[in-house]
2 protein chains.
Amino acid sequence: MENNSCIRQQADIDQINRCKEAVSELNETFDYLANGLSLVGNNVRLKILYLLFEEKKLCVCDLSDILGMNISAISQHLRKMKDRNLLQTERDAQTIFYSLTPKYSTLLNPFFEILDKNKVLETI
Amino acid sequence: MENNSCIRQQADIDQINRCKEAVSELNETFDYLANGLSLVGNNVRLKILYLLFEEKKLCVCDLSDILGMNISAISQHLRKMKDRNLLQTERDAQTIFYSLTPKYSTLLNPFFEILDKNKVLETI
DNA sequence: TTTATATTTCAGCATTTGCTTAAATAAGAA
DNA sequence: TTCTTATTTAAGCAAATGCTGAAATATAAA
């Protein structure tokens, strides 16, 4: 760390310390939450999540067809999201259906609503 | 696109087409929203956003100090978020204070609440 | 004007991400 | 069992990301 010449004259030391403490206390939480949000913050994965929100369940093959993408690519996205508990699976013979876990369905609802109404440009 | 041998036997063609249409219609919206979420889905930026939520406004130097990171690195994160309208600035002499834009403050509130109560592990 | 403070910008680089292709696994049908 | 369908996994690579360090910009104080 170099460029740290700036220990501000009028910095609020109490504020700085309070913040440092908060960050240190919440550290793993930040990591965990940021990781979850980074999964949602991808073009393809956001589409998958939205489609699952709308259609309840879909298989890799459906998603591959819908998004015009390689099955392998989709499968890798699904795996990441399943590993992080955004998605769950259910097998029906050879076909594996993916769906949103209830927790994330709830948490991401505001974003799906925005997409549903296609009102992002006004809202965000 | 190679591995696309799987045009499922029992695929619901109507469903697939409905989905294709939805995705195509919302395409730029997905891009825009995913880009916004990808900004939030980063460790350092999530911390910055949370700190601004708690403290209302902070300068690069404060954040650099709190997070123990290079000022330049912080500045580059702030720029990205300002460019995407997550943040706004206000100058006070040499110091530039960053704060959340009202829209994103509202939209990200659920995540800040989770952090506030440090209840991520149960919730997510 | 010169000097100090606060911040941004740029170039370079290592790491991470996301896709492609090919091979592996798994379940049902012939 | 062999063949087909559905999916996952692994290796390789190109593009994107995030950090470092140095130089540039901007405001205020001496």
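Each chain gets a letter, A, B and so on, in the order its sequence line appears, and its residues count up from 1.
Here dT9(C) is the nucleotide among dA6(C), dT20(C), dT9(C) with the atom lying nearest to any side-chain atom of Arg79(B). Distances from the side chain of Gln76(A) to the nucleotides dA10(D), dT27(D), dT7(C) place dA10(D) closest. When distances are taken from the side chain of Arg91(B) to each of dT20(C), dA26(D), dA6(D), the shortest belongs to dA26(D). Listed candidates were dA27(C), dG18(D), dT7(C). Nearest to the side chain of Ile96(B) is dT7(C). Of the candidates dA28(D), dT7(C), dC10(C), dA28(D) carries the atom nearest the Gln94(B) side chain, counting heavy atoms from C-beta on. In this structure, of dT8(D), dG21(D), dT7(C), it is dT8(D) that holds the atom nearest to the side chain of Ser75(A). Relative to the side chain of Tyr98(A), the nucleotides dG18(D), dT8(D), dG28(C) differ in distance, and dT8(D) lies closest.
In this structure, Arg84(B) satisfies the cation-pi test against Tyr32(B), with its NZ or CZ atom closer than 6.0 Å to the six-membered ring centre and inside 45 degrees of the ring normal.
Each of Ser38(A) and Ala73(B) lies near DNA chain C, and the nucleotide nearest Ala73(B) is the one positioned closer to the 5' end.
Below the 3.5 angstrom threshold, one finds a donor paired with an acceptor across the side chain of Ser72(A) and the base of dT21(C).
Straight-line distance from the CG atom of Asn70(B) to the C1' atom of dG21(D): 8 Å, rounded to whole Å.
Backbone-only contact: Lys80(B) has heavy atoms under 4.0 Å from sugar-phosphate atoms and none from a base.
Between Asp14(B) and Arg18(B) there is no salt bridge, since no side-chain nitrogen of the basic residue lies less than 4.0 Å from a carboxylate oxygen of the acidic one.
Defined by atom type and a distance below 3.5 Å, a donor-acceptor pair is present between the side-chain atoms of Thr89(A) and Lys82(A).
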